[in-house]
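A short worksheet on the structure shown next.
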Amino acid sequence: RLNRRILVTGLVTATVFAALVVVAIMRGFGWFTVVIAALAVLVLMIAPVFAVRAYDGQPFDSGHIPERYGLFTIIVLGESVIAVSASLGDVALDGGAVASALLGFGIAAAVWWGYFETVSSTSLSRERVGASFLWGDGHLFGFAGIAAAAIGVELAVEAGAAGDHGLSLAARLMLGGGRGYCTVLW
């Protein structure tokens, strides 16, 4: 049975989030929008911690959470592989483009292996609510890292096809930074 505090916290959080998004849209898109969006996401990430602490029972099944996040990780990795594969269709296939794509697939395989080798539910418990939410919310950065690495691989494929075997700073940051996110988090 759901606790009323969890329901009320969810409704208040959703209302605050919607209000912040409406204010950001009305003000136009700029730095103000970025700040408002960051505040809205912060509200969405912090409010459940208070709701769970107010609930006396176990609000989630710690055995199913890693499975669900693992499934989403597979989806994000799959989308990354598809994006890189599609980029191969847009360029002339030569050694540089194919090598970049193969290395990108190797990065995706390494992330997959590293994630599923280390993921566990040990920090997901009623006694460690903060650690549980850090575990869950930390995945958002891991997913962003996977997406950034995929963009970096796409840029590397395009550079390889163009015969430019040096990557731009943006491509290096996307590729290395995205992979670095995943290494640090998982």
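Residues: numbered from 1 along the sequence shown. On a predicted model such as this, the values are computed, not experimentally measured, just so you know.
- W112 and Y69 end up in the same hydrophobic cluster when Ile, Leu, Val, Met, Phe, Trp and Tyr side chains are linked at under 4.5 Å.
- Taking all atoms of both residues into account, the shortest heavy-atom contact from A101 to V157 is N-CG2, 3.7 Å.
- Residue S100 holds its OG atom at 9.5 Å from CD1 of I107, rounded to the nearest 0.5 Å.
- Placement of L77 and W113 within a single hydrophobic cluster is found when ILVMFWY residues are connected by side-chain heavy-atom separations under 4.5 Å, directly or transitively.
- The shortest distance between side-chain heavy atoms of I65 and W135 falls below 4.5 Å.
- Tracing side-chain contacts under 4.5 Å through hydrophobic residues (I, L, V, M, F, W, Y), one reaches Y115 starting from F72; they form part of the same cluster.
- Taking CD1 from I74 and CZ from F116, the interatomic distance works out to 4.0 Å, rounded to the nearest 0.5 Å.
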| Pair V84-L88, side-chain contact (heavy atoms from CB on, under 4.5 Å): steps then yes or no | CA-CA 7 Å; V84 171; L88 275 175; 5.5 Å; no
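- Between E79 and F143, the closest side-chain pair of non-hydrogen atoms is not below 4.5 Å.
- V81 and V111 fall into different hydrophobic clusters, where Ile, Leu, Val, Met, Phe, Trp and Tyr residues are linked whenever their side-chain heavy atoms come under 4.5 Å apart, directly or through other members.
- I146 CD1 to I75 CD1: the interatomic distance, rounded to the nearest 0.5 Å, is 11.5 Å.
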